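Notes to accompany the following structure.
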Amino acid sequence: MIDFVQNTLDGVMIGSSYALLALGFTLIFGVMRRLNLSYGPTIMIGAYLGTLLHVDAGAGAAAVAAATVLGAALAGVYVERLCFAPMAAGAGIASMVSSFAIWMQLEQAAILVLPRHTYAFPPLAAGAPLTLGPFLVRLDHATMLIAAAALATGVYLVLHRTRFGLGLRAIVGNPVAAHLVGVDVRLSTLAAFALASAVGGVAGYLVLAVDQQVTPMFGMWATFKGLIAMMLGGLGSIPGAILGGLLLGAIEAHAQWYFGPHIRDLVTFAVLFLVLVLRPTGLIGEAPPAEAAAYGRA
Amino acid sequence: MLEVDGLVTAYGKIEALKGVSLGVERGGITCLLGPNGAGKTTLMMTIAGILRPRRGSIRFDGADLVGRTPAQIVAQGVALVPENRLVFPQMSVRENLLAGAYQRSDSGEIAADAERLYERFPRLRERREQLAGTLSGGEQQMLAVARALMSRPRLLLMDEPSLGLAPIVVDEIFRIIGELNRDGTTLFLVEQNAHKALQVAHRFYLMEQGRVTFSGTPGQLAEDEVIQRAYLGTRRAAV
Amino acid sequence: MDDHWVGVLSNIGVMSFLALSAYLLLLTGEISFGQQAFFAIGAYAAGIGTALWGWPLAAALGWAALAGAAAAVLVGLPTLRLHGLYFAIATLAFAEMVRILFEMWRYQVPIDGELLGPDGADGFRGIRYVFESNIEPSQYLAIIYALLGAVLLGFLLLERSRLGVSLRMIGEDPELAELNGIPVKRCKVLAAGLAGSLAGVGGGLYAHLTTYVEPRTFDVMLGVHSLAYGLIGGLGTALGPVIGVAIDISVLESVRMFAGYRMIVFGGLVALLLIWRPRGLLDETVVHALKARLRSACRCVWMSARVGETRR
């Protein structure tokens, strides 16, 4: 029982960054109705910018964090301009494949700048773990959870309490109607992309600071973790993204504990497969808007 | 107030508007009638800036609207209630109205306007916290009209406001159209219901196959002929 | 032809099977991130066929096609009810499960005093049929392209058949297709099965080309690549995916001056290409125009032949 609770605790804490990854993914998907495969690689670019500052200039944790988030947002803008903004309505697959091509590009750019396979990433919070009765909580895990919760709340407030958020939700609801009430859809979309990439950047920073190392493969890792968490929770739903992320973390922690790393991934994909087949809208997703389901034909 | 001249809008190689010219007078209700596929919705979408015309001009109070973004056109004082309403389904009625005022920053006035619209549409007040996607068709139409009014337009464009609604709801919609006009809003509406449209219109246009084929006042053409041409097109056009 | 180019062309041929497999599903409007699973299944099946069971290559490839098709139909039945991104991610999950299972699967048999067969993450080494049967690389290349030619011919016939038209209709608008009496579900499962068998044959050819397979080769990146090929080359014809593969492998292979900047240049070019032509180089419009021109050219030749006849 103690193991079970401890695993769940660990899983949920790691899962909080998956939740942030999924949140950024959902934002982009909601606004664009298109899949941005370059989502993870843009975060990786941010992380590499931070690492470059760390390696070359000895920058500390705060500067690295800022560079990671800013770099991710800028790379996100680049992807939006190249792969999404110029594509006509109905070219959803082209956008997706284009974002894949840019993924390859970003990965090689990172390797050109920092050619070693791995680099050290400055840790977030060092110190003795906290004890909660019989349970242990790593300090950096706790920081991760708090930061993720704060950011998710912030994003929620932006979406529901600001004019920018109102515009974004209008675009999600119906892009034509959003135009008609006077939302500058192109600009808002670009801003949403930057915001989502920045949220991903925070998630990426938290994960890397716990791992204390970074590789170019982090881009792929982040794209797929975000995608899986988003689909688990339910496409296009923000609570779904959060739940999906936490759940993914918990599943991984338990499977890792009981079966080891190989079976862990197998279990994750099996759960994802079953959720999609048995309950395609995800765990708490709404019935998908028609365009979302049919984006493949778009 | 609105002058459309020689407007050509095309989808790829197919021209949906083949040189449309018409005018909307300040303070009146202008109706555009015509069979399906005549290009009425294309015209509305072009005026609202969603579609870009290939040629021609759209002047609103002297300002050229061609080439402006939909947001700029809303800021100029033109709002469109689109065909099929297009409310924001996952947002509450209240939020839909707020979105209608997206261009405005006078939050006190926005609240007052919303309050006035709740007076006019009591059903919307009852359902203000309900998600718009759960409203009935008639309620969604009211919401779409109210949302457009939140931008305080000087010219309100309406595309098929009675489409798919029960007769009693259609009556209600046309009553509101009359009220809005009496309160000083200029209206330009596309309608399939020629009978209803001719009752409220001060001036009407017939459009067939991308061209305006008649313009005049409701008395100038027998209602039977208008209906014939609005639904079926003239024989000349049909050949 | 030097060995290097034989190798490059063989790779293009083998990858074309995978690209065509993804393309076939794309015709029905579905994006699959998981065709590499059937490619892997085909590779293992064919490898086991020749290396462990001593079958001839043809039988092993047939078995690979069958295994690929069976797996695709099996996974297609529950997943093809899904749509768009849901289907794409379900196929991705399935393919990753297959890859992980291959990483854990051991089935080794002593052959001539040597242990052969799948060995978990270390892969499956010693698929030496081609080498042991004294088939030259250039001969194997001919086998690959003969099969690829047959497949392309099949696509040509498919495009003209009722099934082909049905598939494109489903891709355009499944509801409309359903209303027109097309059994959408059955057509999709059939397309998935055919796509699985294509990937299976491709995998079998791949295993015999490289003589060993490793599970990590069959990751999601391979799947996304195979999907991208169709969009680069064009969705208007089955030649499109093949052209996409050829561009990726051969052009990049020959443009070595870009060395470290290879993907930067190529990624950027693909992105620009897709802005210019969102459905690839040979999209439906281009193919249509080409066909019309070809037809009128044929008619000209025929007419002038007739004119010649009457003069005589």
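Nothing here was measured: the structure is a model prediction, and the numbers come from that model. Each chain gets a letter, A, B and so on, in the order the sequences are listed, and its residues count up from 1.
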Can you tell me how far CD1 of C:I89 sits from CG of A:L235, rounded to the nearest 0.5 angstrom? 9.0 Å
Could you pull out the closest heavy-atom pair between C:P278 and A:A94, with the gap in Å? O-CB, 3.3 Å
Between A:L82 and C:L272, is any pair of side-chain heavy atoms under 4.5 Å apart? yes
Which atoms of A:L266 approach chain C - backbone, side chain, both or neither, heavy atom under 4.5 Å: both
Point-to-point distance, once rounded to the nearest 0.5 Å, from SG of A:C83 to CD1 of C:I275: 7.5 Å
For A:R81, does the CZ atom sit with more than 12 other heavy atoms under 6.0 Å from it, leaving out its own atoms? yes
Reported CZ-to-CG distance for the pair C:F94 and A:L276, which is rounded to 0.5 angstrom: 14.0 Å
Quick one, C:M221 and A:W103 - any side-chain contact, counting heavy atoms below 4.5 Å? yes
Are A:M231 and C:L85 side-chain neighbours, meaning at least one heavy-atom pair lies under 4.5 Å? yes
Contact between A:F273 and C:M97 at the side-chain level, heavy atoms closer than 4.5 Å - yes or no? yes
So what's closer than 4.5 Å to chain C heavy atoms on A:M104: side chain, backbone, both or neither? both
Do A:F224 and C:L92 touch side chain to side chain, with heavy atoms closer than 4.5 Å? yes
Measure A:I111 against the heavy atoms of chain C and call it side chain, backbone, both or neither at under 4.5 Å. neither
Max heavy-atom pair count under 4.5 Å with chain C, selected residue of A:L278, A:V271, A:L112: A:L112
Best-contacting candidate, C:V220, C:V270, C:L231, C:V75, against chain A by heavy atom pairs under 4.5 angstrom: C:L231
Contact between A:D265 and C:E96 at the side-chain level, heavy atoms closer than 4.5 Å - yes or no? no
Pick one of side chain, backbone, both or neither for C:M104, based on which atoms fall under 4.5 Å of a heavy atom in chain A. side chain
More than 12 heavy atoms of other groups within 6.0 Å of A:W257 CH2: no
Contact winner vs chain A - C:T79, C:V224, C:L227, C:L82, heavy-atom pairs under 4.5 Å: C:V224
Can you see which heavy atom on C:L274 is nearest to which on A:S98, and at what distance? CD1-N, 3.6 Å
Is a side-chain donor or acceptor of A:Q105 paired with a backbone partner of C:G267 at a separation under 3.5 angstrom? no
Report yes if some heavy atom in the side chain of A:L106 is under 4.5 Å from a heavy atom in the side chain of C:I264; otherwise report no. no
Count the heavy-atom pairs under 4.5 Å between each of A:A88, A:S99, A:A101 and chain C, then report the option with the highest count. A:A101
Side chain proximity check, A:M96 to C:I31, heavy atoms < 4.5 angstrom: yes
